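If you're wondering where the values come from, they're calculated on a predicted model, not measured in any experiment. All ligand and atom numbering here is 1-based and tracks the order in the structure. Heavy-atom basis, side chains included; hydrogens, waters and symmetry copies ignored.
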Amino acid sequence: MKIAVIGIGLIGGSLARDIRLIWDQAEIIGLDAHAGHVEQAIELGLVNREGKWEEIPQMDMVIVSVPVDKALTVVPQVLDLVNENTLVLDVGSTKQPLCEAVQHHPNRRNFLATHPIAGTEFSGPNAALQGLFEGKTNIICEVEKTAFGLQERAMELFRKLGMRIRYMDPQSHDKHIAYVSHLSHISSFMLGKTVIEKEQDERDIFDMAGSGFESTVRLAKSSPDMWTPIFGQNKVNVLATLEEYIRNLSRFRELLEADQYEALYQEMQHTNRIKEILNGIKK
Ligand code: NAP
């Protein structure tokens, strides 16, 4: 099995790490725009060597794991070069713009649009983790547009990674992911910003920061290189979630200003249902 990973960072590197264990005979080559990332990936044992674009036609699988704006040009470029048995996967956090970008490509049947719901706030090959995808969900869009034999190869990989599969159309993916992923990142970034701005004159704040603050602000460590294009590509859905979120924040402020403690209590008690919802999802 010959596999190319384009974008050998957190997600591409984690996939390479697990693939090495799943198919120990696989040759994995890495391509990356960031000077030094392929060398790091070789040192970490994620890939065998640096790959070249001219080698794409000999690949059995090409995994594209670059920021979502870059994927709009990288995936069609890869599809221009593939042979009829090359499976091309992307892992991007938005799906509609890329699915639209490749819809008329003559090699559309070589492409499978995926979004593994797994990750951390860190970037680059050093952040790659073994077992990152175990027990996680992989959202697959427009599966019917991928050649059946290539779907089977992808499913074999996802099964061996220990992933659950959900099929979804790209529009629904982008709408739903705006709530559970994109809004969470904005909320964390803006919480971090609020505290940093205040901390400039009140040094004591960080001495008092406990695990609640740390876990809520964790996503604010995420890379703006990755998140700016995600927010741009999913702008309409993200704006809708922000409107609802700001309405909820404003209501909270109004209730507090008006000393409406019973109503505040009800708001929080109602939201405690998130425990059961999340427990149900994990089962
Ligand atoms: P990452 O750690 O920053 O890795 C991406 C790598 O791709 C970087 O080395 C980057 O270089 C490189 N790159 C950028 N443009 C490129 C190009 N045109 N050609 C080749 N390489 C290029 O990012 P990541 O977290 O793995 O994210 C990769 C993809 O996975 C994104 O589409 C993201 O939406 C998706 N995803 C991320 C998560 C998560 O939690 N992080 C979860 C699920 C899906 P530079 O550093 O120079 O930009």
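Residue V68 has at least one heavy-atom neighbour below 4.0 Å for each of these atoms of ligand 1: 32 (O), 34 (O). For ligand 1, the atoms sitting less than 4.0 Å from at least one non-hydrogen atom of V91 are 29 (C), 30 (O), 35 (C), 36 (N), 44 (C), numbered in the order shown with element in parentheses. Taking every heavy atom of P116 and a limit of under 4.0 angstrom, the matching atoms of ligand 1 come to 43 (C). Applying the 4.0 Å criterion to heavy atoms of I230 picks out, from ligand 1, the atoms 34 (O). Numbered from 1 in the order shown, with element, the atoms of ligand 1 that lie under 4.0 Å from a heavy atom of G119 read 40 (O). Residue-ligand proximity, T120 to ligand 1, at heavy-atom distances under 4.0 Å covers atoms 40 (O), 41 (N). Using a 4.0 Å cut-off to heavy atoms of H115, the atoms of ligand 1 that qualify are 43 (C), 44 (C). Less than 4.0 angstrom separates some heavy atom of I6 from each of these atoms of ligand 1: 20 (C).
The shortest non-hydrogen separation linking W53 to P57 is O-CD, 4.0 Å. The heavy-atom pair separating L89 from A154 by the smallest distance is CD2-CB, 4.2 Å. Taking all atoms of both residues into account, the shortest heavy-atom contact from A4 to L31 is CB-CD1, 4.2 Å.
Between the OG1 atom of T114 and the CD atom of E142 there is a distance of 13.0 Å, given to the nearest 0.5 Å. Of the inter-residue distances, the one linking E244 atom CD with N248 atom CG reads 7.5 Å to the nearest 0.5 angstrom. The structure places CG of L264 at 5.0 Å from CZ of F252, a figure rounded to the nearest 0.5 Å.
Looking at S222 against ligand 1, nothing comes within 4.0 Å, counting heavy atoms. Neither the backbone nor the side chain of E121 comes within 4.0 Å of ligand 1, counting heavy atoms alone.
When only modelled atom types and interatomic distance are considered, N237 and H182 share no side-chain donor-acceptor pair under 3.5 Å.
Using a 30° and 60° split on the angle between ring planes, H34 and H37 fall in the parallel class, below 30°.
Ion pairing between E214 and R218 fails under the 4.0 Å rule for side-chain N and carboxylate O. Classification of R109 and E84 as a salt-bridged pair fails, no side-chain N sitting under 4.0 Å from a carboxylate O. Ionic pairing of K160 and D18 is not present here: no N-O contact between side-chain nitrogen and carboxylate oxygen is shorter than 4.0 angstrom. Salt-bridge check for E39 with R49: failed, with every basic side-chain N at 4.0 Å or more from each acidic carboxylate O.
With distances taken over non-hydrogen atoms, the option nearest atom 36 (N) of ligand 1 out of S181, A118, S93, P125 is S93. Of all the listed residues (P67, G7, G30), P67 holds the heavy atom that lies closest to atom 14 (C) of ligand 1.
Here the protein heavy atom with the shortest distance to atom 26 (O) of ligand 1 is I11 N, 2.8 Å. Annotation: atom 6 (C) of ligand 1 to nearest protein heavy atom, D32 OD2, 3.5 Å. Protein heavy atom closest to atom 18 (N) of ligand 1, with residue, atom name and distance, is V74 CG2, 3.7 Å. With respect to atom 17 (C) of ligand 1, the closest heavy atom belonging to the protein is A33 CB, 3.8 Å. Among all protein heavy atoms, the one lying closest to atom 46 (O) of ligand 1 is H34 ND1, 3.0 Å. The closest protein non-hydrogen atom to atom 31 (C) of ligand 1 is V66 O, 3.3 Å. For atom 25 (O) of ligand 1, the nearest non-hydrogen atom of the protein is M226 SD, 3.3 Å. Annotation: atom 15 (N) of ligand 1 to nearest protein heavy atom, K70 CG, 3.6 Å.
Within the 4.0 Å heavy-atom shell around ligand 1 one finds S65. Put simply, no part of A35 is less than 4.0 Å from ligand 1, judged by heavy atoms. Contact between A127 and ligand 1 is absent, with no heavy atom of the residue lying under 4.0 Å from the ligand. Using a 4.0 Å heavy-atom cutoff, G124 is listed among the residues neighbouring ligand 1.
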Decide side chain to side chain contact (heavy atoms under 4.5 Å, CB included) for R164 and F158; before the verdict, give the C-alpha distance in whole Å, the side-chain angles of both, and the deciding distance to 0.1 Å.
CA-CA 8 Å; R164 287 189 295 258; F158 301 147; over 6 Å; no
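Listed for the N48 side chain is a donor-acceptor partner under 3.5 Å among the backbone atoms of I28. The closest donor-acceptor contact from the side chain of Q151 to the backbone of T146 lies under 3.5 Å. With R108 contributing its side chain and C99 its backbone, the two residues share no donor-acceptor pair below 3.5 Å.
Considering backbone and side-chain atoms alike, D225 places every N or O at 3.5 Å or more from each N or O of ligand 1. The distance criterion of under 3.5 Å between nitrogen or oxygen atoms is not met by G92 with respect to ligand 1.
Shown here, atom 4 (O) of ligand 1 is in close reach of the protein: a heavy atom of it lies under 4.0 Å off.
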